[in-house]
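To find a chain, count down the sequence lines: A is the first, B the second, and so on, and within it residues start at 1. Note that the coordinates shown come from a computational prediction; the quantities given were computed from them, not determined experimentally.
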Amino acid sequence: MGLHLSEQEIVRRNSLAELYQLGINPYPQAAFEVTTNSKAILEGFEQKPEDFQQLRIAGRIMSRRIMGAASFVELQDAAGRIQLYVKRDDLCPEDDKTLYNTVFKHLLDIGDIIGVSGFVFKTKMGEITIHVQSLTVLSKSLRPLPIVKEKDGQYYDAFTDPEQRYRMRYVDLIVNEGVKETFIRRTKVINSMRNFFNEHGYLEVETPILQPIPGGAAARPFITHHNALNIPLYLRIANELYLKRLIVGGFDGVYEFAKDFRNEGMDRTHNPEFTVMEIYVAYKDYLWMMDFTETMLERVALEVTGHTTVMINDTELHFQRPFKRVKILDAIKEHTGFDISHMSEAELLDTCRKLGIETDPSMGRGKLIDTIFGEKCEHHFIQPTFIIDYPVEMSPLCKRHREDPTLTERFELFVNGKEIANAYTELNDPIDQRARFEEQLKLSERGDDEAMLIDHDFLRALEFGMPPTSGLGIGIDRLVMLLTGQTSIQEVLLFPQMRPEKLRKTITPQEFIEAGVSSEWAAHLLQAGYTTVEALKNEPPTIIQQKMNAYRKKNKIDIPALQIETIEKWIHPD
RNA sequence: GAUUUGUUAGCUCAGCCGGUAGAGCAUUUGCCUUUUAAGCAAAGGGUCCCGGGUUCGAAUCCCGGACAAAUCACCA
């Protein structure tokens, strides 16, 4: 694969070579021990300047202001940025000024990683700055970094193209302030939840990602193949059925932060792989789980943001408990005017038609109700709201309602118009569970490709007896979006799924020469757009002649004009 | 998947009704010992996303394609 380098990349490679010539290893093996970081200096210098008289720090050069024999550098480390003051005669006290004049001024660039030692002082402008006494090259950067400048909160030349930011997250993290903070906060959310569960004595477990039956949710799975067993395996769409097997096995409470995979559309709220936390607790019901969920979320919001109020898109979201509780059928009645509680499938179809909701023959009663709720109600629930008591057809793994057997003991938590949690009083009646699975099978036969499959081992587990249990699943990505004020899931995933990047395949001039092309033309052909030998051989010689001679004229190349016979020799060397 | 918009220098973007491709930052070369979007002077840097068409002439108009974003639909 050839390298098509920009001018700036060539300059940097030349600098790299010069560093080697000066006996400087631009990628040294030795550790560079640091004694502090940018944040500690900025926060601590005013109080105790005596603590900052001899220190070592390392980071990336983000900007340089060179004024002859003195320079200022912005150095970025993991904690932030700090200014360096580099003075020629302090860096090079002897006669040899190479380190400053050549290495620092010419061979180092924005993006390079260096380590320095020195002492802290304050400039005339009042900025806390490190006066550099020695400098070590730690890593030479061969690609120019996007230069983002900032003044008074105003950003100039910001690196904002989402595609580039997500594809090159490393660059995004380097140049865009705040991106790192989002991901630190993501980890804090997860840690906060984990601590909460552990304090309650629940056990974090791991369950299979490769599953022979993709169960526990209604979704299209990814399929793969196991060679040794010669069977298909599915990437999990949920871990519910495994966690419940563990409750059968006698654990009081188990939870897992799980990557799930769903082979569906991608947009600003959906990524093919996403993170869900599922927890199952024995001897509890969904009423207990609602209290538990509220308590947890209030605490997570407080721990992570410092408040129970979160701003998103000019909307204040209040996470202080208790959250509102609304029965789904009441919600539908309120927002559509229809009381669907005792409607048959035919009547529901009719209602959908009246509401202008599209249906198709594969949709059963549960899916119809779900669709009505999704279309007409969901977006109304901005403040955290539990939607409760779903119809039994929508919830094949959930226990029937203690007061109404057509309903189930289920809640979903909606925040900002989006579902972020789903919980049940779990169905532990193996007879009923088998019947519900069989209902799903019928849906599947009608063409619903999201209907659940029967998991016989799971039924066998239930037949051994599962204690009354309540389970909860929370979409971690969406929760993190809420708690970081982001409106797209890609902003809270370090590496969101992207369409594969099309790398332009180019060759070197040498490969052209090896294929028979005259050496003086090889580089020019490449420059003119012939990036493969194939492309050249597929073009009629007259066209090549025209193109290359036009190119020769335009670029004022000092070699004789290209002749047809020459091109014929390239294409047919014999 | 549909609709709309976009793709021009390393980055952010101009480029009108078709007539030799522009700016700022970055880069290179000078000058400058407390600057801070450092400054001053000069220079280099382009497959105007790709392929066709119209035209004497296309970055610009038309058609097709690729990729992206936003909105909508489906799913968490």
### Task
On RNA chain B, check which nucleotide each of A:Phe159 and A:Pro272 is closest to and give me the residue with the more 5' one.
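It is A:Phe159, whose closest nucleotide lies nearer the 5' terminus.
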Base, sugar-phosphate alone, or nothing: which one does [X] contact when heavy atoms must sit under 4.0 Å apart?
{"X": "A:Glu375", "value": "sugar-phosphate"}
{"X": "A:Asn271", "value": "base"}
{"X": "A:Ala158", "value": "sugar-phosphate"}

With [X] via side chain to side chain donor-acceptor pair (under 3.5 Å) - residues at least two apart:
{"X": "A:Arg60", "result": "none"}
{"X": "A:Tyr156", "result": "none"}
{"X": "A:Ser71", "result": "A:Tyr100"}
{"X": "A:Asn416", "result": "none"}

### Message
Is it true that, when you exclude A:Glu94 itself, more than 12 heavy atoms of the residues, nucleotides or ligands shown sit nearer than 6.0 Å to its CD?
### Response
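Open.
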### Message
How about CZ on A:Arg143, more than 12 heavy atoms from neighbouring residues, nucleotides or ligands closer than 6.0 Å, or not?
### Response
no
### Query
For B:U29, does OP1 or OP2 lie under 4.0 Å from any side-chain N or O of A:His106?
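Answer yes for this pair, as a side-chain N or O of A:His106 is under 4.0 Å from OP1 or OP2.
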#### Entry: For A:Phe72, ring-ring contact (aromatic ring centres under 6.0 Å, His included) partners two or more places apart
A:Tyr85
### Query
What pairs with A:Phe414 under ring-ring contact (aromatic ring centres under 6.0 Å, His included), at least two apart in sequence or on another chain?
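For A:Phe414 the ring-ring contact (aromatic ring centres under 6.0 Å, His included) partners, ignoring immediate neighbours, are A:Phe373.
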### Task
Give the B/S/- string for nucleotides 33-44 of chain B, one per nucleotide from 5' to 3', where a protein heavy atom under 4.0 Å of the base yields B, of only the sugar-phosphate yields S, and otherwise -.
BBBBBB-----B
### Query
When the P atoms of B:G15 and B:C61 are considered, how many whole Å apart are they?
12 Å
For atom [atom1] of [X] and atom [atom2] of [N], their distance in whole Å:
{"X": "A:Asn101", "N": "B:U29", "atom1": "CG", "atom2": "C1'", "answer": "15 Å"}
{"X": "A:Leu108", "N": "B:A26", "atom1": "CG", "atom2": "P", "answer": "17 Å"}
{"X": "A:Asn422", "N": "B:C75", "atom1": "CG", "atom2": "P", "answer": "14 Å"}
{"X": "A:Lys418", "N": "B:C74", "atom1": "NZ", "atom2": "C1'", "answer": "12 Å"}
{"X": "A:Met266", "N": "B:A73", "atom1": "CE", "atom2": "C1'", "answer": "16 Å"}
{"X": "A:Asp109", "N": "B:U27", "atom1": "CG", "atom2": "P", "answer": "7 Å"}
{"X": "A:Ile110", "N": "B:A26", "atom1": "CD1", "atom2": "P", "answer": "7 Å"}
{"X": "A:Gln164", "N": "B:G10", "atom1": "CD", "atom2": "C1'", "answer": "10 Å"}

### Task
Not counting sequence neighbours, list each pair that qualifies as a salt bridge (Lys or Arg N to Asp or Glu O under 4.0 Å) and has a residue in residues 260-270 of chain A.
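Qualifying pairs: A:Arg236-A:Asp260.
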### Task
Scan residues 269-280 of chain A for pairs that pass salt bridge (Lys or Arg N to Asp or Glu O under 4.0 Å), counting only residues two or more places apart or in two chains.
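Found A:Lys259-A:Glu273.
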### Task
With sequence neighbours left out, write down each residue that passes salt bridge (Lys or Arg N to Asp or Glu O under 4.0 Å) with A:Arg88, or none if nothing qualifies.
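A:Arg88 satisfies salt bridge (Lys or Arg N to Asp or Glu O under 4.0 Å) with no residue once adjacent residues are dropped.
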### Summary
Dot-bracket assigned to RNA chain B with the 3.5 Å Watson-Crick/G-U criterion, [ ] for crossing and | for other-strand pairs, is (((((((..((((.....[..)))).(((((.......))))).....(((((..]....))))))))))))....
### Query
Going by a 90° cut-off around 0, is B:C17 syn or anti?
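Syn.
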### Query
Picking from A:Glu150, A:Glu177, A:Lys149, what satisfies side-chain hydrogen bond (donor to acceptor under 3.5 Å, both in side chains) with A:Tyr155?
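Between A:Tyr155 and the candidates, side-chain hydrogen bond (donor to acceptor under 3.5 Å, both in side chains) is satisfied uniquely by A:Glu177.
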Protein N or O to nucleotides 68-72 of chain B N or O, pairs below 3.5 Å:
from: B:A68; atom 1: OP1; to: A:Arg499; atom 2: NE; distance (Å): 3.2
from: B:A68; atom 1: OP2; to: A:Arg499; atom 2: NE; distance (Å): 2.8

